[in-house]
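Notes to accompany the following structure.
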Amino acid sequence: MPEFLASGVELGFSGSSAPSTRCTSDHFQKSRVEVMDDKPGPGPLSETSEFLFSFGVIADIQYADLEDGYNFQGNRRRYYRHSLLHLQGAIEHWNTEGSPPRCVLQLGDIIDGYNAQYKASEKSLELVMNTFQMLKVPVHHTWGNHEFYNFSRNYLTNSKLNTKFLEDQIVHHPETVPSENYYAYHFVPFPQFRFILLDAYDLSVLGVDQSSAKYQQCLKILKGHNPNSELNSPQGLSEPQFVQFNGGFSQEQLNWLNEVLTFSDTNQEKVVIVRTVESHVRTQ
C-alpha cells in the first residue's frame, strides 16, 4: 500500500552500527553535518572518533520578491527577499570550510508559492539557481509542495531542479535503477555511504494534470481520509497527514527503495534517506 507523508523536512540515517553525526546550524535551517567513525575508548566522542566527511543541508529557502509576510497558519513570519541573503551566507560558509562538504542537500521549497500568483515563478527560480552556481560542491535538489505550487511535474523534470544526472549506478544490479515515473535516485558521496533521495510527492494532487488518471487516483486517496471541504485543513482528522499540501510514495517507488536498501545491507553500506517531508506522522 502506498505511504502518505506528513509535512516538513527530514533526513534519516540507517544502517547497522551507524556512525555518529554532529550538526552545526543556525535559525535559517541550514547546517553542516559531520559524519564521524566511532572508535571504542573511554574519552568523549570528539576524542574517540575519526572525522570521515561532511555534507551541507538547507531547506525552505522560499524566496520571493515580496515584502515580509506570514505562513499558512499566520503564526510565523516569513522574510521572502531576505532569504536570498541567507542562502548566499550559507554558500560562502560552505565554500570557505577548511574541509569542504562533499555535497549540499537542498530539501525543497526553494521558492515560495506566492511567486505563481504574481507570475514570477521562473524569474525567482532563475535568481536562486544563479546564486547556487557560486557553490563549489554539487547540490542535490528535492521537490516540496512549493515547487508544485509554481510548476508542473513535467516542468520540474526538465528543469535545473532535476539533479538526477548526479546519480550513481550500481553495475549488474538493474533493480536499483529508479523508474522515470518518479523523481528519485541514489549516490555515494563517500565510500560505503549511500544517499537515497526520494520523491515525497510521487502520489499527490499537486503538479499533475487534473484530467490524468494519476490525479484522480491521488484525489480519491486524499478524499477517502479527509472529508473536509478545504482539503488543506487537518481539522477533525485522526490522520492529519492527509491534506492537499502533503504527498506520498507509490508502491513502485517503495519497491525500488527496498531493492537499494537490500543492496546496501548486503554490502554493509551506511544509508542516508533524503526527502522533503517526514515519512511518519510521529516524526513531526
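Sequential numbering from 1 along the given sequence is applied to the chain's residues. Quick caveat, the model's predicted, so the values are computed rather than measured.
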Distance alone, cut at 3.5 Å: any donor-acceptor contact between the side chains of [X] and [Y]?
X	Y	result
Asn181	Glu252	yes
Tyr185	Thr163	yes
Gln251	Asn255	yes
Ser152	Asn154	no

Interatomic spacing from [atom1] in [X] to [atom2] in [Y] - rounded to 0.5 Å:
X	Y	atom1	atom2	result
Lys136	Trp94	NZ	CH2	14.5 Å
Ser229	Gln235	OG	CD	9.5 Å
Glu239	Asn226	CD	CG	10.5 Å
Asp60	His86	CG	NE2	13.0 Å
Ile111	Asp65	CD1	CG	12.0 Å
Ile110	Phe132	CD1	CZ	5.0 Å

Taking the side chain as everything from C-beta on, heavy atoms only, tell me whether [X] gets closer than 4.5 Å to [Y].
X	Y	result
Phe263	Glu269	yes
Lys223	Leu231	yes
Asn145	Asp109	yes
Pro138	Phe187	no
Leu257	Ile273	yes
Phe193	Arg102	no
Phe151	Trp143	no
Ser99	Phe51	yes

Identify the two heavy atoms, one from [X] and one from [Y], that lie closest to each other, and give their separation to 0.1 Å.
X	Y	value
His225	Ile221	ND1-O, 3.0 Å
Asn150	Gly113	ND2-CA, 3.7 Å
Gln253	Asp202	NE2-OD2, 3.0 Å
Cys218	Ser204	SG-N, 3.2 Å
Ser238	Pro240	O-CD, 3.4 Å
Glu92	Thr96	O-OG1, 2.8 Å

Hydrophobic cluster membership, [X] vs [Y], 4.5 Å side-chain cutoff:
X	Y	value
Leu125	Tyr80	no
Val139	Leu84	yes
Ile91	Ile58	yes
Met129	Leu85	no
Val137	Val274	yes

N/O donor-acceptor pair under 3.5 Å between [X] side chain and [Y] backbone:
X	Y	answer
Gln210	Tyr215	no
Glu147	Gly108	no
His186	Thr176	yes
Ser54	Val35	no
Ser83	Ile61	yes
Asn228	Ser233	yes
Asp199	Ala184	no

Subject >> All ring-ring contact (aromatic ring centres under 6.0 Å, His included) counterparts of Tyr63, not counting sequence neighbours >> reply: none

Subject >> Passing candidate, side-chain contact (heavy atoms from CB on, under 4.5 Å) with Tyr183, options Thr157, Leu156, Asn162, Leu161 >> reply: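 Considering Thr157, Leu156, Asn162, Leu161, a side-chain contact (heavy atoms from CB on, under 4.5 Å) with Tyr183 is found only for Asn162.
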
Subject >> Test ring-ring contact (aromatic ring centres under 6.0 Å, His included) applied to Phe195 and His140, step by step >> reply: CA-CA 10 Å; Phe195 284 38; His140 298 264; 8.0 Å; no

Original post:
Would you call the rings of Phe190 and Phe53 parallel, tilted or perpendicular, where under 30° means parallel and over 60° means perpendicular?
Top reply: parallel

**OP:** Could you check whether the rings of Phe148 and Tyr201 sit parallel, tilted or perpendicular, using 30° and 60° as the cut-offs?
**Re:**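 Ring orientation of Phe148 relative to Tyr201: tilted.
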
Original post:
Hey, is OH on Tyr114 packed in by over 12 heavy atoms from elsewhere, all under 6.0 Å?
Top reply: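 Atom OH in Tyr114 is not crowded, with 12 or fewer foreign heavy atoms closer than 6.0 Å.
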
Original post:
Do Leu203 and Tyr182 pass the side-chain contact (heavy atoms from CB on, under 4.5 Å) test, and can you show the C-alpha distance, the side-chain angles, and the key distance before you say yes or no?
Top reply: CA-CA 9 Å; Leu203 291 183; Tyr182 48 84; over 6 Å; no

Whether [Y] and [X] form a salt bridge (side-chain N of Lys/Arg under 4.0 Å from carboxylate O of Asp/Glu) is what I want to check.
X	Y	result
Lys164	Glu180	yes
Asp68	Arg78	no
Arg194	Asp265	no

Subject >> Summary of side chain to side chain donor-acceptor pair (under 3.5 Å) pairs that have at least one residue in residues 123-135, sequence neighbours excluded >> reply: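 Every side chain to side chain donor-acceptor pair (under 3.5 Å) pair that includes a residue of residues 123-135, provided the two are not neighbours, is Asn115-Ser124.
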
Original post:
Going through the checks in order, is the side-chain contact (heavy atoms from CB on, under 4.5 Å) test met by Leu206 and Arg153?
Top reply: CA-CA 8 Å; Leu206 303 179; Arg153 177 170 286 271; over 6 Å; no

Subject >> Pair Met134-Gln88, side-chain contact (heavy atoms from CB on, under 4.5 Å): steps then yes or no >> reply: CA-CA 8 Å; Met134 298 186 298; Gln88 292 167 354; 4.2 Å; yes

